[in-house]
Amino acid sequence: MTIYSEKVMEHFKSPQNAYSMPDANAQGIYGDPSCGDALIIFLKVQNNIIQEVSYLVFGCCAAIATSSMTSVLAKGKSLDEALSITEEDIIKALDGLPETKAHCSNLGVSALRNAITNYNEKTRTDIMENPQ
């Protein structure tokens with residue numbers, strides 16, 4: 001018997017959106033030093049909507065699965081909707097995580113929020129440098 005749900009194993013064995021995105025217009029990085037997991041999320045945002053999301057992750061089964069699910073949940077959402085994605089949303093979408101692995105959901109949420117912050121900072125800078 002596995003400690004992971006079928007959905008976690010599905011996202012671990014076949015992670016969705018796992019690739020580098022050289023033409024991303026935002027990226028966010030987050031790592032959990034306590035367990036060595038690290039994640040970088042790439043976003044392509046247009047008209048305040050996440051058109052494309054990808055990531056590169058280093059970590060355990062749960063880190064890979066939560067990163068994959070984060071990308072699935074964020075794609076097609078407005079930036080505000082994506083900012084409202086919580087660790088609980090990710091865990092629920094994966095049909096649960098063992099208590100000892102619940103912290104892995106923070107990896108995706110934190111990297112996603114860092115990417116959105118990165119996008120917003122770039123957008124503000126562009127507006128200030130190129131006023132219409």
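Everything numeric here is computed off the predicted structure, so don't read it as measured data.
- The side-chain contact (heavy atoms from CB on, under 4.5 Å) check on Asn47 picks up nothing, with sequence neighbours excluded.
- The main-chain N or O of Ser78 is found under 3.5 Å from a side-chain atom of Glu81 such that the two form a donor-acceptor pair.
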Q: Any chance you could lay out the side-chain contact (heavy atoms from CB on, under 4.5 Å) test for Tyr119 and Asn25, step after step, and finish with the verdict?
A: CA-CA 7 Å; Tyr119 177 79; Asn25 53 13; 4.0 Å; yes

Side-chain donor/acceptor pairs under 3.5 Å, residues 11-20, sequence neighbours excluded:
unit_1	atom_1	unit_2	atom_2	d
His11	ND1	Ser68	OG	2.6
Asn17	ND2	Ser71	OG	2.9
Tyr19	OH	Glu52	OE2	2.6

Can you give the donor-acceptor pairs under 3.5 Å from side chains of residues 95-103 to other protein atoms, not counting sequence neighbours?
unit_1	atom_1	unit_2	atom_2	d
His103	ND1	Thr100	O	3.2

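- With sequence neighbours excluded, no residue satisfies side chain to side chain donor-acceptor pair (under 3.5 Å) with Ser54.
- Pairs of residues two or more places apart, or lying in two chains, never qualify as salt bridge (Lys or Arg N to Asp or Glu O under 4.0 Å) while including a residue from residues 58-71.
- Summarising the geometry, atom CD belonging to Glu10 is positioned 7.5 Å from atom CE belonging to Met69; distances are rounded to the nearest 0.5 Å.
- Glu88 is linked by a side-chain contact (heavy atoms from CB on, under 4.5 Å) to Thr86, counting only residues two or more places apart in sequence or in another chain.
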Q: Please step through side-chain contact (heavy atoms from CB on, under 4.5 Å) for the pair Lys44 and Asp23, ending with a clear verdict.
A: CA-CA 8 Å; Lys44 196 177 293 182; Asp23 60 341; 2.7 Å; yes

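- In terms of modelled atom types and a separation under 3.5 Å, the side chain of Arg113 and the main chain of Ile85 share a donor-acceptor contact.
- A search for side chain to side chain donor-acceptor pair (under 3.5 Å) contacts involving Asp80 returns nothing, not counting sequence neighbours.
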Q) Could you go step by step and tell me if Gln51 and Lys75 meet the side-chain contact (heavy atoms from CB on, under 4.5 Å) rule? A) CA-CA 6 Å; Gln51 300 293 323; Lys75 189 173 184 176; over 6 Å; no

Q: Determine, step by step, whether Asp37 and Tyr30 satisfy the side-chain hydrogen bond (donor to acceptor under 3.5 Å, both in side chains) criterion, reporting the C-alpha distance in whole Å, the side-chain angles of both residues, the deciding distance to 0.1 Å, and the verdict.
A: CA-CA 9 Å; Asp37 296 337; Tyr30 187 78; over 6 Å; no

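- Annotation: side-chain contact (heavy atoms from CB on, under 4.5 Å) contacts of Thr70 (sequence neighbours excluded): Ile41, Ile90, Leu112.
- Taking the side chain as every heavy atom from C-beta outward, Ile29 and Leu39 never approach each other to under 4.5 Å.
- Counting heavy atoms from C-beta on, the side chains of Leu94 and Tyr4 never come closer than 4.5 Å.
- Thr66 places a side-chain N or O within donor-acceptor distance of the main-chain N or O of Cys104, the cut-off being under 3.5 Å.
- Taking a 4.5 Å side-chain heavy-atom cut-off between Ile, Leu, Val, Met, Phe, Trp and Tyr, the cluster of Ile49 contains only that residue.
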